[in-house]
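Naming: A, B, ... by sequence-line order, numbering from 1 per chain.
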Amino acid sequence: MPLATKATVKGLEPREVAELGYDMVLGNTYHLFLDPGHELIARFGGLHRFMGWDHPIVTDSGGFQVFSMGHGTVADEIKARPPAAATGGRERAGKVLAIEEDGVRFRSHLDGSEKLLRPETSMEVQAALGSDLALVFDECTPFHVDRDYTARSTQRTHRWLDRCLSWHAEHGPTDQLVYGIVQGGVHEDLRVESAQAVAASSSDGIAIGGSLGADKEEIYRVTGWATAVLGGRDELRPRHLLGIGEVDDLIAGVELGIDTFDCAMPTRLGRHGMALVPDPDHRWRVDLGAARWRDSREPIMEGCPCPACAAGHPRGYVRYLLKSRELTALRLLSIHNLAFLSRLMADLRHAIAAGTLAQTARALRSGAAPGEVPEVPATS
RNA sequence: UCCGGGGUAGCUCAAUUGGCAGACGCGUUCGGCUGUUAACCGAAAGGUUGUGGGUUCGAGUCCCACCCCCGGAG
């Protein structure tokens with residue numbers, strides 16, 4: 001699902017997002033709580049009506065933003081770069097003041113005011129937003145903390161899980177589902193314990209979160225620990241992998257038994273001038289802002305049926321738009337990237353139904369274009 | 001033709017009494033971006049200071065000639 005953090009998939013209209021094959025978008029409690037405020041959105045009849053999206057909405061709990069205020073980006077934190085490096089040396093306006101049992105005290109990045117976000121607050125905000133699926137308030141444990149901190153943090157997240165579910169059972173909308181979140185860092189026993197705790201709860205679905213590891217291999221290993229616990233045949237609840245969305249990660253995630261994903265990557269990369277293409281050697285990306293495309297009549301991606309490519313816009317045009325800072329370029333690439341991932345996921349779904357997941361995954365990983373993966377007979 | 005202003009990094013512009021030729025932005029190249037504080041961030045490359053002489057220990061800077069650009073006058 002694309003991110004609609006601040007009640008919009010940046011640059012796109014709801015109709016366009018739906019036409020690209022998406023059923024769900026993810027909005028954010030933290031952002032909408034601070035601005036424009038959940039009460040205002042409730043007065044507009046809820047987030048669906050406010051943003052004009054009549055399909056399902058997931059709302060994130062705000063837990064990740066606490067992490068973000070303290071550590072910047074996931075990559076910065078894993079690479080042990082100070083948060084300032086990500087902001088060009090500027091002081092980050094938002095700041096975590098304290099993570100306590102009751103909740104998180106922080107300073108708003110918008111006006112510097114001090115706020116308190118408790119598990120109950122998060123659920124209350126999400127109830128007011130009227131999302132179809134709420135995420136419990138958790139602490140997204142960083143990579144660079146010791147095992148002891150991770151253990152204590154994960155335990156606290158479990159207690160917050162109970163508080164969220166209790167609040168929701170008593171006050172939450174009856175038609176709103178709640179997903180618990182598995183934490184536990186990169187420690188197998190903690191991950192397993194956390195997965196068991198969430199699985200044992202009344203949570204409607206299971207999300208896997210936290211900093212999953214320093215590299216892809218570790219991310220997959222850690223994810224696998226959790227999904228293995230959740231993999232029983234009687235476990236029919238959907239599994240969501242939070243924040244993951246690079247092409248190879250989606251393929252690996254599906255193979256590990258993940259059902260849904262959300263990620264800023266396709267739209268953010270698009271706004272940064274990058275188009276997703278079936279090119280594993282270059283991380284499935286091409287930078288269309290590069291001068292070498294100045295005269296290129298090549299499409300964004302050969303054979304791509306997405307609206308941006310189907311319209312026939314050549315790379316030379318997209319590059320020109322990017323360099324002249326025209327918003328159309330960011331829209332075209334956001335559309336293309338979302339369409340690319342939409343087809344990728346469709347391929348994987350079809351492969352699961354056909355019993356050919358391994359073959360399809362192999363083809364996609366070796367550079368097959370999503371939507372054009374050759375039909376392969378099931379081998380087992 | 002005369003008067004005035006000006007030629008410095010690909011572009012736009014700095015540079016104290018003559019004293020290590022620089023910056024911001026753009027551009028270029030490279031790197032980064034994973035539950036978005038992000039139409040963003042970081043790094044690098046890039047120069048015979050219009051040309052030719054001269055003065056000086058030393059010239060982007062002062063002097064002479066020439067070439068080009070802009071404005072004004074005729």
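- With rounding to whole Å, A:K6 atom NZ is found 7 Å from B:rU37 atom C1'.
- Within the structure, every pair that satisfies the side chain to side chain donor-acceptor pair (under 3.5 Å) test and touches residues 41-54 of chain A, not counting sequence neighbours, is listed here: A:H48-A:D132.
- Looking only at atom types and distance, the side chain of A:T260 has a donor-acceptor partner in the side chain of A:H240 under 3.5 Å away.
- For B:rU34, one of the phosphate oxygens OP1 or OP2 lies less than 4.0 angstrom from a side-chain nitrogen or oxygen of A:R268.
- Note on residues 275-311 of chain A: no pairs pass ring-ring contact (aromatic ring centres under 6.0 Å, His included), not counting sequence neighbours.
- The stretch residues 133-151 of chain A participates, sequence neighbours left out, in these salt bridge (charged side-chain N to carboxylate O under 4.0 Å, His left out) pairs: A:E139-A:R156, A:R147-A:D189, A:D148-A:R152.
- Sorted by residue number, the list of members of residues 110-136 of chain A with any non-hydrogen atom under 4.0 Å from RNA chain B is empty.
- Here B:rC26 is the nucleotide among B:rA38, B:rU34, B:rC26 with the atom lying nearest to any side-chain atom of A:R325.
- Taking only side-chain nitrogens and oxygens, A:T73 never comes nearer than 4.0 Å to OP1 or OP2 of B:rC33.
- For B:rC57 and B:rC64, the C1' atoms lie 23 Å apart once the distance is rounded to whole Å.
- In terms of phosphate contacts, A:N28 brings a side-chain nitrogen or oxygen within less than 4.0 Å of OP1 or OP2 of B:rU36.
- Taking only side-chain atoms of A:Q65, from C-beta outward, the nucleotide of B:rU34, B:rA38, B:rU36 with the closest atom is B:rU36.
- Of the inter-residue distances, the one linking A:L20 atom CG with A:L341 atom CG reads 10.5 Å to the nearest 0.5 angstrom.
- The aromatic rings of A:H109 and A:Y30 sit parallel to each other, their planes meeting at less than 30°, with 60° as the upper class boundary.
- Atom CZ in A:R271 sits about 13 Å away from atom C1' in B:rU34, given to the nearest Å.
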Using a cutoff of under 3.5 Å, can you pull out all pairs of nitrogen or oxygen atoms linking the protein to nucleotides 43-46 of chain B, with atom names and distances?
none

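- Listed by chain and number, the residues in a side chain to side chain contact (heavy atoms under 4.5 Å, CB included) with A:C263 are A:M265, A:P266 (sequence neighbours excluded).
- Following rounding to the nearest Å, A:L322 (CG) and B:rA39 (C1') show an atom-to-atom distance of 9 Å.
- A:S194 places no side-chain N or O within 3.5 Å of a backbone atom of A:V182 that could act as its donor or acceptor partner.
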Using distance only, find each side-chain donor-acceptor pair of residues 315-326 of chain A under 3.5 Å and give its atom names and separation, not counting sequence neighbours.
{"unit_1": "A:R315", "atom_1": "NE", "unit_2": "A:P299", "atom_2": "O", "d": "3.0"}
{"unit_1": "A:R315", "atom_1": "NE", "unit_2": "A:I300", "atom_2": "O", "d": "3.3"}
{"unit_1": "A:R315", "atom_1": "NH1", "unit_2": "A:E298", "atom_2": "OE2", "d": "3.3"}
{"unit_1": "A:R315", "atom_1": "NH2", "unit_2": "A:I300", "atom_2": "O", "d": "2.8"}
{"unit_1": "A:S324", "atom_1": "OG", "unit_2": "A:Y320", "atom_2": "O", "d": "2.8"}
{"unit_1": "A:S324", "atom_1": "OG", "unit_2": "A:L321", "atom_2": "O", "d": "3.3"}

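- Nearest to the side chain of A:L3, among B:rU34, B:rA38, B:rG35, sits B:rG35.
- Atom CD of A:E139 and atom C1' of B:rG35 are 14 Å apart (whole Å).
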Under 3.5 Å between N/O atoms: give me all the protein pairs with nucleotides 28-32 of chain B, atom names plus distance.
{"unit_1": "B:rU28", "atom_1": "OP1", "unit_2": "A:R319", "atom_2": "NH1", "d": "3.0"}
{"unit_1": "B:rU28", "atom_1": "OP2", "unit_2": "A:K323", "atom_2": "NZ", "d": "3.0"}
{"unit_1": "B:rU29", "atom_1": "OP1", "unit_2": "A:A291", "atom_2": "N", "d": "3.1"}
{"unit_1": "B:rU29", "atom_1": "OP2", "unit_2": "A:A291", "atom_2": "N", "d": "3.4"}
{"unit_1": "B:rG32", "atom_1": "O3'", "unit_2": "A:K79", "atom_2": "NZ", "d": "3.4"}

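- Looking at heavy-atom distances under 4.0 Å, A:H31 makes contact with sugar-phosphate atoms alone, never a base.
- Protein atom CZ of A:F64 is 6 Å distant from nucleotide atom P of B:rU37, rounded to whole Å.
- Rounded to a whole Å, the NE2 atom of A:H71 is 19 Å from the C1' atom of B:rC41.
- Residue pairs that meet the salt bridge (charged side-chain N to carboxylate O under 4.0 Å, His left out) test with at least one member in residues 330-340 of chain A, sequence neighbours left out, are A:E16-A:R331.
- Side-chain atoms of A:S131 and A:Q126 include no donor-acceptor pair closer than 3.5 Å.
- The separation between A:L32 atom CG and B:rG35 atom P is 16 Å, rounded to whole Å.
- Not counting sequence neighbours, A:R294 has no partner by the salt bridge (charged side-chain N to carboxylate O under 4.0 Å, His left out) test.
- For A:T267 against B:rU36, a side-chain N or O and a base N or O form a donor-acceptor pair under 3.5 Å.
- A straight line from CZ of A:F261 to C1' of B:rU34 spans 12 Å, rounded to a whole angstrom.
- Note on A:D249: a base of the nucleic acid sits closer than 4.0 angstrom, heavy atoms only.
- Side-chain atoms of A:E193 and A:Q155 include a donor-acceptor pair closer than 3.5 Å.
- Base-pairing analysis of RNA chain B finds the following stems of at least three consecutive Watson-Crick or G-U pairs, with both pairing distances under 3.5 Å: B:1-7 with B:67-73, B:28-32 with B:40-44, B:50-54 with B:62-66.
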Donor-acceptor pairs under 3.5 angstrom involving side-chain atoms of residues 164-173 of chain A: please list them, not counting sequence neighbours.
{"unit_1": "A:S166", "atom_1": "OG", "unit_2": "A:D162", "atom_2": "O", "d": "2.8"}
{"unit_1": "A:H168", "atom_1": "NE2", "unit_2": "A:Q176", "atom_2": "O", "d": "3.3"}
{"unit_1": "A:H168", "atom_1": "NE2", "unit_2": "A:Q176", "atom_2": "OE1", "d": "3.0"}

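- Under the 3.5 Å distance criterion, the side-chain polar atoms of A:T356 are left unmatched by any main-chain donor or acceptor of A:Q359.
- Among the atoms of the strands shown, base atoms are found under 4.0 Å from some heavy atom of A:Q183.
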